[in-house]
Amino acid sequence: MIPAAPARPHPVPAPNAWRQAWRDAVRDPRELLALLGLGTLAAGISDAAAAQFPLRVPRGFVARMRRGDPRDPLLRQVLPVLEEDRMVPGFTLDAVGDMQARRGGGVIHKYAGRALLVATGSCAVHCRYCFRRHYPYAEDTAAAAGWRDAVAVIAGDDAIHEVILSGGDPLSLADHKLAELTDALRAIPHLRRLRIHTRLPVVLPERVDSGLLAWLRGLPWPLVVVLHANHANEFDHAVDTALAALRGTGATLLNQAVLLRGVNDSVAALAELCERGHAAGVLPYYLHQLDRVAGAAHFEVGDHEALALHAGLAERLPGYLVPRLVREIAGQPGKTPLVTPGGSIQAAE
Ligand SMILES: *Cc1c(COP(=O)(O)O)cnc(C)c1O
Ligand code: SF4
């Protein structure tokens with residue numbers, strides 16, 4: 001039912017083949033629809049939304065979309081549509097309070113022990129629900145500042161034990177850029193873990209090439225890679241191969257997903273996602289309630305329904321395949337778990 005592709009030999013992609021695949025990404029919404037035999041949906045495209053946050057989707061990801069299906073769950077994640085132009089109260093430009101938590105040099109420090117580094121603003125795919133679609137990347141990324149400021153912030157705070165490379169997508173940076181950063185971080189004695197938040201191994205598996213793997217293998221810290229897939233159809237043989245290679249470096253692989261109307265808002269879709277990920281060696285980590293970012297209101301699933309879906313998932317899957325259902329609330333010390341109103345923890349006598 002949810003088998004990973006059989007383990008047949010599959011060469012690691014040629015070094016830097018990912019750059020070509022990156023450049024070849026589809027950027028014209030009408031071309032995307034034509035490729036899928038869905039030209040009639042063109043009337044629903046928002047040129048304003050596409051101008052604010054352009055369409056970008058690698059061809060390998062397009063190949064995983066179902067031709068002729070206007071409700072394809074992968075297509076829905078990337079196509080700029082008229083619903084994005086609707087102003088909805090409560091949906092804002094900085095939904096998660098990142099602006100107040102910026103420490104300079106691309107560092108966002110909100111949670112104890114962990115510093116998140118906005119390494120770069122680039123992503124291989126542009127997800128319409130992304131809370132960073134309005135983030136002023138050009139001003140404040142760690143790579144743009146040559147890493148110097150970011151490393152100084154981290155080195156100067158010995159309560160930071162974990163650096164999270166995020167973005168944008170940190171793996172959109174060249175291997176030598178990444179190595180520059182980790183070489184500088186090596187000198188910081190209080191670092192215990194390195195985490196990478198990336199969607200690239202899923203949307204552009206070519207990125208997991210020999211250069212990247214060599215860099216990962218050479219890192220001195222326990223490594224956690226948090227992937228981002230929202231639907232089982234995002235996995236294919238190339239993704240399985242990339243994830244197997246990542247696991248081969250000793251990294252722990254986790255997945256975070258966003259609960260999205262029309263993409264994964266059913267117990268069946270969520271269960272399939274968690275099981276398919278596990279077949280590829282990935283454990284579910286978070287299921288996020290949507291950040292209320294301007295332009296994404298049509299993706300929202302209400303809390304009541306989200307809790308019911310999560311309960312359905314817990315009834316169906318082993319505990320280790322059930323992600324934590326959380327929301328990000330500005331000013332909180334961590335992601336906030338959703339709880340049933342009036343729900344309480346039963347204490348044993
Ligand atoms: C989500 C997030 C983290 C990581 O939180 P975990 O619960 O450890 O996964 C760290 N810093 C920022 C700013 C975040 O938004
Ligand atoms: S940061 Fe992640 S969710 Fe946002 S557009 Fe990039 S890949 Fe998509």
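Note that the structure is a prediction, hence the values are computed from the model and not measured. Both counts, for ligands and for their atoms, begin at 1 and track the order of listing.
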(Q) Please list the nearest protein heavy atom to atom 15 (O) of ligand 1 with its residue and the distance rounded to 0.1 Å. (A) K335 NZ, 2.9 Å
Q.
Restricting to salt bridge (Lys or Arg N to Asp or Glu O under 4.0 Å), what partner residues turn up for R207, sequence neighbours left out?
A. D175, D209
(Q) Quick check on Q256 - does any of its heavy atoms sit under 4.0 Å from an atom of ligand 1? (A) no
**Q.** Side-chain donor/acceptor of R193 to backbone N/O of I164, under 3.5 Å
**A.** no
**Q.** SB check R316 E275 (cutoff 4.0 Å)
**A.** no
Q. Shared ILVMFWY cluster between L213 and V282, side chains joined below 4.5 angstrom?
A. yes
Q. According to the interplanar angle, ranging from 0 to 90°, do the rings of Y320 and H278 count as parallel (below 30°), tilted (30 to 60°) or perpendicular (above 60°)?
A. tilted
**Q.** Residue and atom name of the nearest protein heavy atom (relative to atom 7 (O) of ligand 1), distance in Å to one decimal
**A.** Y286 OH, 2.6 Å
Q. Going by the order shown, which atoms of ligand 2 are within less than 4.0 Å of some heavy atom of R199?
A. 7 (S)
Q: Heavy-atom distances under 4.0 Å are what count here, so tell me which part of E162 touches ligand 1: side chain, backbone, both or neither.
A: neither
Q) To the nearest 0.1 Å, how far is atom 13 (C) of ligand 1 from its closest protein heavy atom, and which atom is that? A) K110 CE, 3.5 Å
Q) Under 4.0 Å from ligand 2, counting heavy atoms only, is it the side chain of R133, its backbone, both or neither? A) neither
Q) Side chains of E234 and Q77: do they bring a donor and an acceptor to under 3.5 Å? A) yes
Q) Hey, is the main chain of S122 close enough, under 3.5 Å, to the side chain of S172 for a donor-acceptor pair? A) yes
Q | atom 6 (Fe) of ligand 2 to nearest N/O/S of C123 below 2.8 Å | A | yes
Q. Looking at atom 12 (C) of ligand 1, what's its closest protein heavy atom, distance included?
A. L116 CD1, 3.6 Å
Q.
Looking at D47 and R30, is any side-chain nitrogen of the basic one under 4.0 Å from a carboxylate oxygen of the acidic one?
A. yes
Q: Using 2.8 Å as a strict upper limit, say whether an N, O or S atom of C130 approaches atom 8 (Fe) of ligand 2 that closely.
A: no
Q. Would you call R276-D240 a salt bridge at under 4.0 Å N-O?
A. yes
Q: Decide whether H288 and Q256 meet the rule of one side-chain donor and one side-chain acceptor closer than 3.5 Å.
A: yes
Q. Closer than 4.0 angstrom: is that true for some heavy atom of V125 and an atom of ligand 2?
A. yes
(Q) Tell me the contacting part of V226 for ligand 1: side chain, backbone, both, or neither, using a 4.0 Å heavy-atom threshold, strictly below. (A) neither
Q. At a 4.0 Å threshold, what atoms of ligand 2 neighbour a non-hydrogen atom of H228?
A. 3 (S)
Q. Looking at ligand 1, does any of its N/O atoms fall within less than 3.5 Å of an N/O of Y285?
A. yes
Q: Indicate, as side chain, backbone, both or neither, the part of H109 found under 4.0 angstrom from ligand 1 when only non-hydrogen atoms are considered.
A: neither
